[in-house]
There are 2 protein chains.
Amino acid sequence: MNNKEKLRKAGLRPTKQRMIIADILLDGINRHFTAENLQNEINSSGNSMSIATIYNCLKKFRNCGLIKQVESSKDTAIFDTNINQHHHFLDEETGELIDIENDEVNLHKLPKIPQGYLNNGVEVLIKIKKQI
Amino acid sequence: MNNKEKLRKAGLRPTKQRMIIADILLDGINRHFTAENLQNEINSSGNSMSIATIYNCLKKFRNCGLIKQVESSKDTAIFDTNINQHHHFLDEETGELIDIENDEVNLHKLPKIPQGYLNNGVEVLIKIKKQI
DNA sequence: TTTTTACTTTAAAATCGTTCTAAACTACTT
DNA sequence: AAGTAGTTTAGAACGATTTTAAAGTAAAAA
């Protein structure tokens with residue numbers, strides 16, 4: 001399925017701008033990035049786009065499940081092209097994130113989900129720091 | 001150990017402002033809060049403090065391990081008085097966090113920590129959503 | 001003590017990521 | 001081809017946090 005079809009399937013109009021971003025993000029390679037990182041990639045691909053459009057697009061893509069947003073206390077939002085359930089190592093010094101595949105973690109025992117709620121995904125974060 | 005001693009032990013001068021905050025936060029009750037929440041508590045305790053001081057203090061307290069900062073992609077930083085390793089339920093709609101005690105989760109299998117790094121804490125986040 | 005020194009607090013300004021505004025534009029439908 | 005609903009844009013606005021630099025305070029030295 002090409003990117004135009006992916007956008008349509010997600011209920012998004014395949015505009016020129018969304019196609020440029022889809023071509024960068026939906027290439028099957030897993031990566032973590034910020035809005036600013038993406039703008040740089042757009043610029044170096046010879047295109048340009050308003051930062052407002054980039055934010056709009058990232059929000060739409062995330063809400064449609066084309067990308068994920070990482071839970072992180074950094075001051076900039078971090079997105080992830082890996083939409084499968086998976087986990088992360090986090091170097092708190094540098095903010096670097098490293099993917100952990102879902103099958104590398106085994107949760108043996110999980111608490112009972114609070115009354116009236118459904119489980120909507122489990123994320124394991126392993127904080128790491130450089131050995132001295 | 002009283003709060004003055006706790007501050008000194010953490011290497012922090014027990015100033016008037018830090019004592020006011022310590023008296024609110026270090027009462028042994030686990031809670032999640034933002035800088036603004038804390039300012040409201042300070043105000044309703046009959047004190048007042050510059051927001052810059054509150055941020056300074058929270059950063060110091062966090063760096064000393066007196067409180068923790070929660071990994072969260074909300075736009076406001078969320079702090080936690082529970083400094084033991086523990087986990088959270090997160091309602092992504094509302095941002096509400098609910099503590100999960102460490103012994104309620106059992107990690108059966110963990111990935112190998114990357115070369116040159118040390119494990120610095122594991123956090124499990126269970127995203128939940130309201131049942132319709 | 002008093003003096004000195006380093007650290008802390010403060011209000012206000014600045015910064016930075018993100019969102020809003022409203023006008024121009026464009027994809028899709030009729 | 002015309003209509004309409006959704007999209008993009010630059011720039012303004014916003015809100016959380018940090019910086020500034022001057023005044024204040026705790027602890028150390030004399």
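Everything numeric here is computed off the predicted structure, so don't read it as measured data. A, B, ... follow the sequence lines: proteins, then strands. Residue 1 opens every chain. We use all heavy atoms of the structure for the numbers below, so side chains are in, but hydrogens, waters and symmetry mates are not.
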Original post:
So, is A/Gln17 close to the D/dT9 phosphate, meaning a side-chain N or O under 4.0 Å from OP1 or OP2?
Top reply: yes
Subject >> DNA chain C-proximal residues of residues 53-75 of chain B, any heavy atom under 4.0 Å >> reply: B/Thr53, B/Asn56, B/Lys60
Original post:
What are the residues of residues 76-83 of chain B, sorted by number, that bring a heavy atom to within less than 4.0 Å of DNA chain C?
Top reply: none
Whole angstrom value for the distance that separates [atom2] of [N] from [atom1] of [X]:
X: B/Leu12; N: C/dC7; atom1: CG; atom2: C1'; result: 11 Å
X: A/Asn47; N: D/dT8; atom1: CG; atom2: P; result: 13 Å
X: A/Leu7; N: D/dG6; atom1: CG; atom2: C1'; result: 14 Å
X: B/Lys4; N: D/dA26; atom1: NZ; atom2: P; result: 9 Å

Donor on one side chain, acceptor on other, [X] and [Y], under 3.5 Å:
X: B/Asp80; Y: B/Asn30; answer: no
X: A/Glu71; Y: B/Ser73; answer: yes
X: B/Asp99; Y: B/His32; answer: yes
X: B/Thr34; Y: B/Asn37; answer: yes

Original post:
What is the distance from atom CG of A/Asp23 to atom CG of A/Asn2, rounded to the nearest 0.5 Å?
Top reply: 9.5 Å
Residues 110-117 of chain A, side-chain donor-acceptor partners within the protein, below 3.5 Å, at least two apart:
| residue | atom | partner | partner atom | Å |
| --- | --- | --- | --- | --- |
| A/Tyr117 | OH | B/Lys130 | NZ | 3.4 |

**OP:** State which residue, out of A/Leu7, A/Ile83, A/Leu25, fulfils the side chain to side chain contact (heavy atoms under 4.5 Å, CB included) condition with A/Leu66.
**Re:** A/Leu7
Subject >> B/Phe89: ring-ring contact (aromatic ring centres under 6.0 Å, His included) partners, not counting sequence neighbours >> reply: none
**OP:** Assign each of B/Ile51 and A/Ile51 to its nearest nucleotide of DNA chain D by heavy atoms, then name whichever residue's nucleotide is nearer the 5' end.
**Re:** A/Ile51
Original post:
Between B/Lys74 and B/Glu92, is there a side-chain N and carboxylate O pair less than 4.0 Å apart?
Top reply: no
Original post:
Between A/Glu93 and A/Lys129, is there a side-chain N and carboxylate O pair less than 4.0 Å apart?
Top reply: no
Original post:
Do any of residues 34-43 of chain A sit with a heavy atom less than 4.0 Å from DNA chain D, and if so which?
Top reply: none
**OP:** Treat primed atoms plus P, OP1 and OP2 as sugar-phosphate and everything else as base, then score nucleotides 21-30 of chain C 5' to 3': B for base contact with protein heavy atoms under 4.0 Å, S for sugar-phosphate contact only, - for none.
**Re:** ------BS--
